[in-house]
Amino acid sequence: MDDRITTRDATIDRWTAGLAEANGDPGGGAAAGVMLAIAAGLMSMVAGYSGHDEVRERARALREAALVAADEDAAASAAFGAAFRRDDAGREDAIRDASLDAARSSALLGDRARAAIPDLEHLAAHGAPALVADVAVAAAALRGALASTRTNLSYDLATLRSAGLSLDEVRAAHPDLWASVAGLADAIARIDGLTARVDDRAAPTD
């Protein structure tokens, strides 16, 4: 019987308790997915109040996709840990495969997070003024998802060195994944710009 903790079936208390355990399932990648789901939930709320129905529908779909991605990343994290615990002749191949699966999972989550930025920028400019603080919190959650995903993806790629590759060889073999790291860094900078633009309205007491 599968007794894995999933984002759909667990309470927040149980899920974060699972996150606190030393087993990596869920782990940091899954946490990034949950942060993205939180950002999407807030975006849906702001869009609903503000009458932006298309943005709301995309945000709702993103929330669902982010939770699925969180669970998929948790499974990838479990496989990643299992590969490193092997001590047989297949360990190197297992590490390579698990690292690539983890990297692809991170890249997919990062793509979803990056795609949400235009809608969040739209809400920052055209959402209900009374909800600007919620936009700022959504931006913080989205930034957390982006920053976490960038770190995880970079680490996953670097872990391929444990399978006998140099970083130059990793970059040559997986140029799209390598480029995604830089793309995520650019997305973080874009979110920082958005946050700066709304900060005087969202936090006027500073």
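In this chain, residues are counted from 1 in sequence order.
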Return the CG to CG distance between L142 and L42, rounded to the nearest 0.5 Å. 11.0 Å
The side-chain hydrogen bond (donor to acceptor under 3.5 Å, both in side chains) partner of S105 among D73, T149, D156, N152 is D73
Take T195 and R143 through the test side-chain contact (heavy atoms from CB on, under 4.5 Å) and record every step on the way to the result. CA-CA 10 Å; T195 299; R143 190 189 195 284; 6.0 Å; no
Quick check: closest heavy atoms across A66 and A37, and the distance to 0.1 Å? CB-N, 3.7 Å
So which atom in A39 and which in A138 form the shortest heavy-atom distance, rounded to 0.1 Å? CB-O, 3.6 Å
What's the shortest heavy-atom distance between A141 and I38, and which atoms? CB-CG2, 4.1 Å
Within the structure provided, determine whether L123 and H126 are in side-chain contact (heavy-atom separation under 4.5 Å). no
Please confirm whether the backbone N or O of L67 pairs with a side-chain atom of T7, one donor and one acceptor, at under 3.5 Å? yes
Does I95 reach the side chain of R86, with side-chain heavy atoms less than 4.5 Å apart? no
Check the hydrophobic clustering (I, L, V, M, F, W, Y; side-chain heavy atoms under 4.5 Å; chains of links allowed) and say if V68 and M43 are grouped together. no
Can you name the nearest heavy-atom pair linking A128 to S50, along with the distance? N-OG, 2.7 Å
Evaluate the side-chain proximity of M35 to S148: yes if any heavy-atom separation is below 4.5 Å, no if none is. yes
Any chain of hydrophobic side-chain contacts (each under 4.5 Å) joining V137 to V55? yes
Is a side-chain donor or acceptor of T151 paired with a backbone partner of A147 at a separation under 3.5 angstrom? yes
Could you tell me whether a side-chain N or O of R161 sits under 3.5 Å from a main-chain N or O of A158, the two making a donor and an acceptor? yes
Any heavy-atom pair between the side chains of E57 and R60 that's under 4.5 Å? yes
Distance check, rounded to the nearest 0.5 Å: D186 atom CG versus R114 atom CZ? 7.5 Å
Please examine the side chains of W15 and V34, heavy atoms only from C-beta on, and report whether any two atoms are closer than 4.5 Å. yes
Any P118 side-chain heavy atom under 4.5 Å of R190 side chain: yes
If you round to the nearest 0.5 Å, how far is CZ of R150 from CD1 of I188? 6.0 Å
Is there side-chain contact between E64 and R8, with heavy atoms separated by less than 4.5 Å? yes
I'd like to know whether R197 forms a side-chain contact (heavy atoms from CB on, under 4.5 Å) with E121, so could you lay out the CA-CA distance, the side-chain angles of the two residues, the decisive distance to 0.1 Å, and finally the verdict. CA-CA 10 Å; R197 291 194 298 275; E121 290 174 331; 4.0 Å; yes
Close side-chain approach of I117 to L146, heavy-atom, < 4.5 Å: yes
Tightest non-hydrogen contact, residues L184 and G110, listed as CD2-CA, 3.7 Å
Rounded distance (nearest 0.5 Å) linking atom CG of L108 with atom OG of S180: 10.0 Å
Between D53 and R56, is the closest basic N to carboxylate O distance under 4.0 Å? no
Can you tell me how far the CG atom of D119 sits from the NE2 atom of H52, to the nearest 0.5 Å? 10.0 Å
Under the side chain to side chain contact (heavy atoms under 4.5 Å, CB included) test against S106, which residue among D111, D101, L153 passes? L153
Nearest 0.5 Å please: distance from the OH atom of Y49 over to the OG atom of S44. 11.0 Å
Correct closest heavy-atom pair for L109 and A32 would be CD2-CB, 3.8 Å
